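Following: one structure in C-alpha cells, then a few remarks.
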Amino acid sequence: MEDSVINRRGFTTAGLAAGFALAVLPVSAETIITDADNLEAGLVEVPVAGGATMSAYRAVPRWAGQGGHHPVVLVVQEIFGLHEHIRDLCRRLAKSGYYAIAPDLYFRQGDATKVPDIPTLVRDIVSKVSDEQVMADLDATVAFVKTDGRADTRRMAITGFCWGGRIVWLYSAHNPDLKAGAAWYGRLVGNTDAAHPKNPIDLVNQLNAPVLGLYGAKDDGIPVASVDQMRAALAQGDKAASDCKLMVFEDSGHGFNADYRPSYNPADAKVAWKQMLEWFKKHGVPYVPHA
C-alpha cells in the first residue's frame, strides 16, 4: 500500500474502536485510518435472492477512470464481518483507482460485529453461512455493480482476508468473468461439511482466474505444509491454476495485514499489498491512483 494514500490520525484507542467488531477489541494504536477524500464511500443496499437486500460498503474514486469507468475489486470480509477494517481496505483500493465493494455476507445469519468472542461467532454465525449462499450473494453484488455506469466489470478482481481468503479461491472457480484474485491467509485444505463441501485445493482445475495467495509461515491455523500441498496441486493443474502464485512471509503469522491487531506486520503487509496491486495489473485489472 502506498504511504501517500494512508492517513494516521491522532485518535485515542477508544476513539479508534468505533466501527470495529466487538471480538477484536481493544484496537491497536497502529490502526490505519484511510480518509475518504476524493472518494464516494458509504453503505449501499444490494438486491439479493428472495426479495431481500444486503448491505455492502462501497468506495469509488470521484475522478474519472479509463473511459469514465473504474476496474472493480470485490472485497470479502474477515471472519469478523463487515467491520471498519474491511471498509478501510475498500477506501485504500479506491485511492488506487478501483471501484471497491464489500458485501455483508453474513447478513442472513446475524451481525458478526456485535458478537463479543470468536467461539460464539463461529458457532452462531460463521458455521451457518453456506458456500452456496456466499457465491449467490457475490453474484448479486456483481449484478448490482453492473448497473453503475462508473464500474467496468470486464476488468474485475477479488480479494479477501482470513475467512474471505478461502472465499477468493471458491469464487475464482465460480465466476468466469473474474480476471484475478488475491487471497490473504485463507484456508486451503481441511474438513468439509454439507454447507462447505469443498476446499480450495479441490477446485484447482476449475479456476477461471489466477490467484495470488499470501500466507504467513507462523500461521498456526494454516501450516506451511498445506500451502506446499496447494502449490503442488496448482503446478499439476490447467492454465489458470499454473498461473497462480503462492507467497509465504517467513516473519508473519495469520492476519499480518490486520493493522488493528497484534498480528500486524507492517513491513510484510506493505510488500504484500504492493504484490496484490501488481498482480491485478498484470492480469488486466490495472490500478491508476489519482495524481
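What you are looking at is a predicted structure, and each value in this text was computed from that prediction instead of being measured.
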Qualifying residues under salt bridge (charged side-chain N to carboxylate O under 4.0 Å, His left out), relative to [X], sequence neighbours excluded:
X      : value
Asp104 : none
Arg91  : Glu84, Asp88
Asp148 : Arg58, Arg150
Asp228 : Arg231

(request) Tell me, yes or no, whether the heavy-atom count around Glu132 atom CD, taken from other residues, nucleotides or ligands under 6.0 Å, exceeds 12. (result)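 Not more than 12 within 6.0 Å, no.
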By side chain to side chain donor-acceptor pair (under 3.5 Å) - contacts of [X] (at least two apart):
X      : answer
Asn265 : Ser252, Asp268
Tyr215 : Trp169
Glu78  : His83, Tyr260
Asp111 : Thr113, Lys114

Mind checking whether [X] and [Y] have side chains closer than 4.5 Å, heavy atoms only?
X      : Y      : result
Thr159 : Trp273 : no
His174 : Leu203 : no
Met276 : Leu93  : yes
Tyr57  : Ile86  : no
Ile222 : His254 : yes

(message) Under a 4.0 Å threshold between the charged nitrogen and the carboxylate oxygen, would Lys95 count as salt-bridged to Asp37?
(response)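 Not counted as a salt bridge, because no side-chain N and carboxylate O are separated by less than 4.0 Å.
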(message) If the condition is ring pair (Phe, Tyr, Trp, His ring centres under 6.0 Å), which residues does Phe249 pass it with, not counting sequence neighbours?
(response)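 Residues passing ring pair (Phe, Tyr, Trp, His ring centres under 6.0 Å) with Phe249: Phe256.
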(request) Could you note down all residue pairs passing salt bridge (charged side-chain N to carboxylate O under 4.0 Å, His left out) where residues 187-197 supplies at least one of them, sequence neighbours left out? (result)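 Not a single pair qualifies under salt bridge (charged side-chain N to carboxylate O under 4.0 Å, His left out).
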(message) Does anything in residues 165-186 form a salt bridge (charged side-chain N to carboxylate O under 4.0 Å, His left out)? List the pairs, not counting sequence neighbours.
(response)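 As it turns out, the salt bridge (charged side-chain N to carboxylate O under 4.0 Å, His left out) pairs with a partner in residues 165-186, which skip direct neighbours, are Asp131-Arg166.
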Just distance, no hydrogens or angles: give the donor-acceptor pairs under 3.5 Å from side chains in residues 278-286, sequence neighbours left out.
unit_1	atom_1	unit_2	atom_2	d
Glu278	OE2	Tyr287	OH	2.4
Trp279	NE1	Gly181	O	3.3
Trp279	NE1	Pro210	O	3.3

